[in-house]
J.: 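Before I ask anything, let me first share the structure, which is written out below as structure tokens.
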2 protein chains.
Amino acid sequence: MKKITTRDKIINSAHKLFYEKGFNGTSIDDILKDAGLNKGSLYHLFQGKKEVLLAVIEERIAYNLEQKYKDIATVENPLRFLKQKLLTTDTFDFKHGCALNNLVQEMSPVDEDIAKALWQVYNALEDYYFLALREENMSEYEKKSVAKMMVATVEGAIMAAKAAQDKEPYLQIVEQLFCLIPMHPHKKKG
Amino acid sequence: MKKITTRDKIINSAHKLFYEKGFNGTSIDDILKDAGLNKGSLYHLFQGKKEVLLAVIEERIAYNLEQKYKDIATVENPLRFLKQKLLTTDTFDFKHGCALNNLVQEMSPVDEDIAKALWQVYNALEDYYFLALREENMSEYEKKSVAKMMVATVEGAIMAAKAAQDKEPYLQIVEQLFCLIPMHPHKKKG
DNA sequence: ATTTTACTTGACTATATAGTCAATTTTATG
DNA sequence: CATAAAATTGACTATATAGTCAAGTAAAAT
């Protein structure tokens with residue numbers, strides 16, 4: 001098993017705190033306290049707070065997304081797979097929402113480099129939804145468009161849950177979404 | 001014409017800056033500088049920064065929403081009216097997104113009072129969308145559910161535009177949304 | 001006109017924050 | 001083991017920030 005490096009500790013703590021309290025709401029000292037490290041260690045490895053955020057986006061958030069959805073490309077019924085993923089809320093933290101969404105909201109208008117990094121991850125997310133539609137009877141163009149819309153709806157659903165501080169609206173919206181998209185019939189398993 | 005009070009100036013500036021830079025990203029001094037006022041004036045009228053935010057939400061954001069959508073209740077084809085409102089992007093600032101959404105993202109997990117105030121406005125928004133469906137052939141329950149989903153999709157579309165720093169994704173998603181919801185046919189006007 | 005109330009001014013405090021840096025310890029490397 | 005390189009320590013600086021407050025000014029009430 002791999003050793004947890006100082007860099008890992010920083011990225012882990014930063015990821016958690018940025019998620020829970022936002023970038024501006026989290027201080028360098030917060031990160032260091034959580035990681036059990038001292039200031040010099042961080043500034044030895046990173047130029048500053050912004051570079052920590054970039055690492056969090058490019059390494060942790062992008063990685064988590066990939067882990068969550070990579071099977072979509074090979075699974076038999078990808079749309080069902082996606083729906084199941086979306087409705088498995090064990091790990092879903094309705095209180096704090098979506099790590100990607102949160103950062104887009106806070107940072108995209110403010111910093112161009114960060115906006116670019118976030119935009120890449122956002123595109124990867126749309127690509128997974130596009131793959132989820134591969135079995136459906138639509139043109140490629142329509143799949144792209146529907147995938148885009150589905151991502152927006154799910155992100156909006158997460159926001160609704162955050163507004164309510166309750167996961168119920170999220171579940172309802174995701175159900176409603178899957179009622180509206182024209183589904184290609186699969187043979188039911190079992 | 002009504003005189004612009006000191007209170008108005010503060011709420012105007014705060015609203016603008018919170019929208020553009022977020023609550024944590026905006027300092028009291030930023031607000032005062034923008035409003036051309038001094039510190040004492042603000043603290044004479046408000047207990048603190050949080051109370052300024054509450055006033056912004058309850059007075060300005062709620063009011064703007066009402067102004068934008070109040071005609072939905074009386075207009076002939078409310079769904080078309082809604083779509084037109086959504087696609088009229090003159091005033092829509094894709095770079096900074098939705099004032100309500102931004103604040104939900106940043107503040108709802110952090111402060112319960114603010115979460116409540118935001119939740120009220122969010123509900124008002126869903127109510128307007130519900131009214132937009134009043135002519136459609138659905139059960140009341142389904143209208144509620146579809147309205148909820150539509151709000152989520154539009155909010156998600158705004159977020160997509162913010163992620164892209166471009167209004168195009170927003171327009172595309174809104175179009176796609178109106179393709180999918182089952183529309184009751186109205187006689188075309190003209 | 002005089003008093004009282006409402007509002008405004010801006011200096012001040014206490015604290016939080018991002019980032020620096022010289023000294024020290026730990027870890028490779030020959 | 002000796003030396004060089006990498007990593008770590010924590011005190012320090014400079015600045016920003018929320019909020020206080022005593023004194024002053026304008027507006028209202030009597």
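Only heavy atoms go into these numbers, but all of them, side chains included; no hydrogens, no water, no symmetry mates. Throughout, protein chains are lettered first and strands after them, A, B, ... in sequence-line order, and every chain is numbered starting at 1. Predicted model, so just to flag it, every value in this text is computed and none were measured.
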J.: May I ask you to verify whether the side chain of A:Lys49 and the base of C:dG19 hold a donor-acceptor pair under 3.5 Å?
T.: no
J.: Whole-Å distance between C:dA23 C1' and A:Asn38 CG?
T.: 14 Å
J.: Just the rounded figure in Å: distance from P of C:dT27 to CG of A:Leu45.
T.: 15 Å
J.: In this structure, how many angstroms lie between the P atom of D:dA18 and the CD1 atom of B:Ile31, rounded?
T.: 8 Å
J.: Both B:Gly36 and A:Tyr43 contact DNA chain C. Which one's nearest nucleotide lies toward the 5' end?
T.: B:Gly36
J.: Can you tell me which nucleotide in D:dA18, C:dT9, C:dA18 comes closest to the side chain of B:Ser41?
T.: C:dT9
J.: In whole angstrom, give the distance that lies between atom NZ of A:Lys3 and atom C1' of C:dT27.
T.: 9 Å
J.: Whole angstrom is fine here: how far is it from CG in A:Leu42 over to P in C:dC21?
T.: 16 Å
J.: Please determine if a side-chain N or O atom of B:Thr6 lies less than 4.0 Å away from the OP1 or OP2 oxygen of C:dC7.
T.: no
J.: Do A:Leu133 and A:Lys144 have side-chain heavy atoms sitting under 4.5 Å apart?
T.: no
J.: Should the pair B:Asp34-B:Lys9 be classified as a salt bridge under the 4.0 Å nitrogen-to-oxygen rule?
T.: no
J.: Quiz question: by atom type and distance under 3.5 Å, do the side chains of B:Asp93 and B:His96 form a donor-acceptor pair?
T.: yes
J.: Would you indicate what A:Gly40 reaches in the nucleic acid, counting non-hydrogen atoms under 4.0 angstrom: base, sugar-phosphate, or nothing?
T.: base
J.: In whole angstrom, what separates A:Lys39's NZ from C:dA22's P?
T.: 17 Å
J.: Consider the side chain of A:Ile28, meaning its heavy atoms from C-beta on, and name the nucleotide among C:dA18, D:dT20, D:dT17 that approaches it most closely.
T.: C:dA18
J.: Any side-chain N or O of A:His44 below 4.0 angstrom from OP1/OP2 of D:dA7?
T.: yes
J.: Check the distance between D:dA18's P and B:Leu17's CG and give it to me in whole angstrom.
T.: 12 Å
J.: Under 4.0 angstrom, heavy atoms only, what part of the nucleic acid is A:Thr5 near: base, sugar-phosphate, or nothing?
T.: nothing
J.: Is it the case that atom CD in B:Gln67 sees more than 12 heavy atoms from other parts of the structure closer than 6.0 Å?
T.: yes
J.: Does one side chain, of B:Asn77 or B:Lys83, offer a donor that lies under 3.5 Å from an acceptor on the other?
T.: no
J.: What is the separation between atom CG on A:Asp29 and atom P on D:dC12, rounded to the nearest whole Å?
T.: 16 Å
